[in-house]
Each structure stands twice: as C-alpha cells, then as structure tokens.
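Computation of the quantities below employed the complete heavy-atom set of this structure, encompassing side-chain atoms and omitting hydrogens, waters and symmetry-equivalent molecules. If you're wondering where the values come from, they're calculated on a predicted model, not measured in any experiment. Proteins come first, then strands; the chains are lettered A, B, ... in the order of their sequence lines, and each starts at number 1.
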Number of protein chains: 2
Amino acid sequence: MNDDTRAPGNGDPAEPSLLLDDHFCFTLYAASRAVTGVYRPLLDAVGLTYPQYLVMVVLWEHRTVTVKELVAALHLDYGTLTPLIKRLEAHGLLERQRRADDERVVEVALTPEGTALRERIRTVPLAIGDAIGLTREEIAAAQDLLRRLTANVDRHTAGTGPAVKAP
Amino acid sequence: MNDDTRAPGNGDPAEPSLLLDDHFCFTLYAASRAVTGVYRPLLDAVGLTYPQYLVMVVLWEHRTVTVKELVAALHLDYGTLTPLIKRLEAHGLLERQRRADDERVVEVALTPEGTALRERIRTVPLAIGDAIGLTREEIAAAQDLLRRLTANVDRHTAGTGPAVKAP
DNA sequence: CCCGTTTAAGTTGTGCGCAAGCTAATAGGG
DNA sequence: CCCTATTAGCTTGCGCACAACTTAAACGGG
C-alpha cells in the first residue's frame, strides 16, 4: 500500500483526523461484525442467523411479545423484523396472531419447538466469551461505555429528528 | 410486555445469562448501528453511504490502493466491496484499473472529484463526536478494548478455520 | 356519530455483508 | 516448458437494515 499520509489536513492539530485507524466508528463497526462472525457457525448449526437469534432471546425471556415490542427492544425496523419473524414462523419456532381486542397488534409467541431450541443453544455464550478474550471486568466496562453511547445517540437523533413538528 | 423471566436456566449462577440485556454482543451491535445512524444524514448530504465513506477514508489516506488492500483494511469481502467500488466509480469519485504487470490486480485511485469531496466532509467527525457524548478518554478506552477484542476474534477464527490444513 | 389523526404493521426498493462458486492470470515444481 | 496450485477479483443468492410508502384499525374532538 502506498503509505504516504500527506493528504491535506491531517497535520492540522485543530481538526479531527480522517485516518481510518482514528475512526472510533470503524473500530466499533469492525468489532461488531467480528463478534457476529463468531456467532455465525454456532448459530448455523441450529439454523439461525444472528438477528434471528436475538429475536429468540427476547422470546425466551418473555414468551410472548408484540412486533412493536421487538422493534423497541432490538432497535430494529418493522421492515427488518416483519420478514425475519415470518421466516422464524416458517421454521416453526414461533407463531404470529393478531390480538382480538386490537387488530392492529400482532402477538409473537414461542412454539414448543422454539422453546426447545433454547436447550441446544445454552452453551453458545460460553464459546463467545472464550473467543472475545477479554476479562469479565473489561467486558463490563465496554458494555457500560457502549450503552451510554447508544443512549446519547438516541437522545441526539430524537432531538434533531421530528423537532417538535411545526404547527 | 409479559415480564416474567421464569424460563428455565436463568436462575442457575453457573450458566451464562440468556437475557438480551446481558448480551454484550447486542450492546455492541446496537451501538454500531446507532453510530452509523448518526453518520447517515451527514453522508447522505454528499451522496455516500457509511461503508462507501470508509472506502473514501482509506483512499484519502493512500490515494491508490488495490481491492485486496481495501478488503484487508476494512475487514470486508470482495463480494461486498466490488459492487460498492463500482458504485463509487459510477459517481465519479474513483477509477479502477488493472495493473499492467499483474493483470489479476485492480488498482483503485482517487479522481479529482473524489479528492475534492474530502473538503465537504472535514467537519463530519466533529458532529459525530458531539452525538456520541463520551469523553476523549472514554472513547480511547473503548477503542482499546474493541481493538483487542477484534484482534482476539481474528486469531480465534483463524485458528479454528483452516486448522493448519491436513497434509 | 362522523371524520380527520394517530398507531401498528406490512410492502417496496436499494445497499450492504457474507458464503459459495467461478474465471483468469501468475507462480512454481518437476 | 508444461502443468498444477495459488492468487485476485468477480458473480450469485440470501438475509439483513433502513427509508419511503401503503393499509387498516383504533382514537378523539366537534
């Protein structure tokens, strides 16, 4: 690789660096993909993708949730979750049903197969912890920082988003 | 949301939790998407997606790189980068050319338009730092942890992958 | 009670992200 | 020099991720 870094601007100490390695966003993005890459072969063995696994985790915790609750819990879009949930339904792991007293709401519930799958996945988090290779304290520290980051960003984008809506 | 957490296994202190909020992978995944979400409107203003921006960052640093070098720098696949690079080429930001002395290699080089785009993006990192809302020290700490995580995972998957290849 | 508004979910289109398979060019051993 | 293996890149297919749009049900003020 052509290793000159003399493009204009990088020497100015008053401006943030534009070098790849200085981008925190890239470190974060690469780490996230690396971790899901560790999950992939483990989940592949039971026929799940990583986002599908996250939906199952929520269901194992609550047994029944609405699509809206999944959207909120996973910070994902209806456009992402609707087809994903349908795929899990096609695999027999969950069932979808409109709520009788409010037909707008779709309830997602575990099937016996979905419940049983949990046993086959019990050991996965151990393998992940092993691959990540950080201490319990380091993971806790990183988790605290990243949770605060996400909360800050959510506040930020909520503020600059709808912006009180002009009357 | 049905808030019982009596699914089997979660009370056992010897086993890792399967609750969503205890999943470090999810914190990481959510944080990564949150940050790219902050970039989105800023990059949209200049017609770039976030991965396209990362490619441009590498090019602004090195002016000319091979596709292989982009694959290595961004930890991305040829299958991801090839069409992405072609889109950037279609937008006039870079040019692709096969190396004369080794026709397997494709060199990617900045065009004047690609170089000029850098000026229009100079202030973006400041806005990102603002939205993230962590101190410089906190970001440095998180970055150190995540870099080590990615390095560990890379070692791990390299070790369990080709596995020295039986003779 | 009607009608505009809000809400929950689904649909469509584009662009990643990655596995699997393919092609063409080069390297390297006999 | 041939011939096999390797290397760099491309293509195909599937599943996210998200914006923009659509639909249908419930709400709520007049």
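- Counting to the nearest Å, the P atom of D:dG9 and the CD atom of B:Glu89 are 14 Å from each other.
- The side chain of A:Leu84 lies closest to D:dC16 when the candidates are D:dC16, D:dG9, D:dA17.
- Checking D:dA8, C:dC18, D:dT11 against the side-chain heavy atoms of A:Arg40 singles out C:dC18 as nearest.
- Rounded to an integer number of Å, the gap from B:Lys68 NZ to C:dT26 P is 15 Å.
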(request) Check the pair B:Val55, B:Leu88 against side chain to side chain contact (heavy atoms under 4.5 Å, CB included), reporting the backbone distance first and the verdict last. (result) CA-CA 9 Å; B:Val55 167; B:Leu88 289 174; 3.8 Å; yes
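- As rounded to whole Å, 14 Å separates atom C1' of D:dA17 from atom CZ of A:Arg33.
- Using a 4.0 Å cut-off, some side-chain N or O of A:Arg87 falls inside it from OP1 or OP2 of D:dC16.
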(message) Set out, in order, the CA-CA distance, both residues' side-chain angles and the distance that settles side chain to side chain contact (heavy atoms under 4.5 Å, CB included) for A:Thr150 and B:Val35, then state yes or no.
(response) CA-CA 8 Å; A:Thr150 303; B:Val35 171; over 6 Å; no
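- Of the two residues contacting DNA chain D, namely B:Val67 and B:Gly37, the nearest-nucleotide position lying further toward the 5' end is that of B:Val67.
- In B:Glu95, the CD atom is not crowded: 12 or fewer heavy atoms of neighbouring residues, nucleotides or ligands sit closer than 6.0 Å.
- The shortest distance between the side-chain N/O atoms of A:Tyr78 and the OP1/OP2 oxygens of D:dA19 is not below 4.0 Å.
- Residue B:Gln52 places none of its side-chain N or O atoms closer than 4.0 Å to OP1 or OP2 of C:dG15.
- Position along DNA chain C of the nearest nucleotide to A:Ala34 versus A:Thr80 favours A:Thr80 as the more 5'-ward residue.
- Rounded to a whole Å, the CG atom of A:Leu43 is 14 Å from the C1' atom of D:dG15.
- The distance between atom CD of A:Glu107 and atom P of C:dG10, rounded to the nearest whole Å, is 12 Å.
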Output one line per pair: protein atom, nucleotide atom from nucleotides 20-23 of chain C, and distance, for all N/O pairs under 3.5 Å.
none

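- Of the options A:Arg98, A:Arg104, A:Arg99, a salt bridge (Lys or Arg N to Asp or Glu O under 4.0 Å) to A:Asp102 is made by A:Arg104 and by none of the others.
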Every protein N/O lying under 3.5 Å from an N/O of nucleotides 21-29 of chain D:
residue : atom : partner  : partner atom : Å
D:dA26  : OP1  : A:Glu103 : N            : 3.0

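- For the pair A:Thr49 and D:dC16, the criterion of a side-chain N or O lying under 4.0 Å from OP1 or OP2 is met.
- B:Gln52 contributes a side-chain N or O that, together with a main-chain N or O of B:Thr49, makes up a donor-acceptor pair within less than 3.5 Å.
- Taking the six-membered ring where tryptophan is involved, the planes of A:His75 and B:Phe26 are perpendicular, since the angle between them exceeds 60° and thus also 30°.
- In this structure the side chain of B:Leu76 never reaches within 4.5 angstrom of the side chain of B:Val71, judged on heavy atoms.
- The pair A:Lys86-A:Glu89 does not meet the salt-bridge criterion, since no charged nitrogen lies less than 4.0 angstrom from a carboxylate oxygen.
- Proximity of the aromatic rings of A:His23 and B:Tyr39 is defined here by a centroid distance below 6.0 angstrom, and this criterion is not met.
- Here the P atom of nucleotide C:dA9 and the CG atom of A:Leu74 are 14 Å apart, to the nearest Å.
- Using modelled atom types, one finds no donor on one side chain facing an acceptor on the other under 3.5 Å when comparing A:Thr66 with A:Glu107.
- The nearest whole Å value for the distance from the CG atom in A:Leu76 to the P atom in D:dC18 is 6 Å.
- Residue A:Lys86 places at least one side-chain N or O closer than 4.0 Å to OP1 or OP2 of C:dT11.
- Rounded to whole angstrom, the span from the CG atom of A:Leu81 across to the P atom of D:dG15 amounts to 15 Å.
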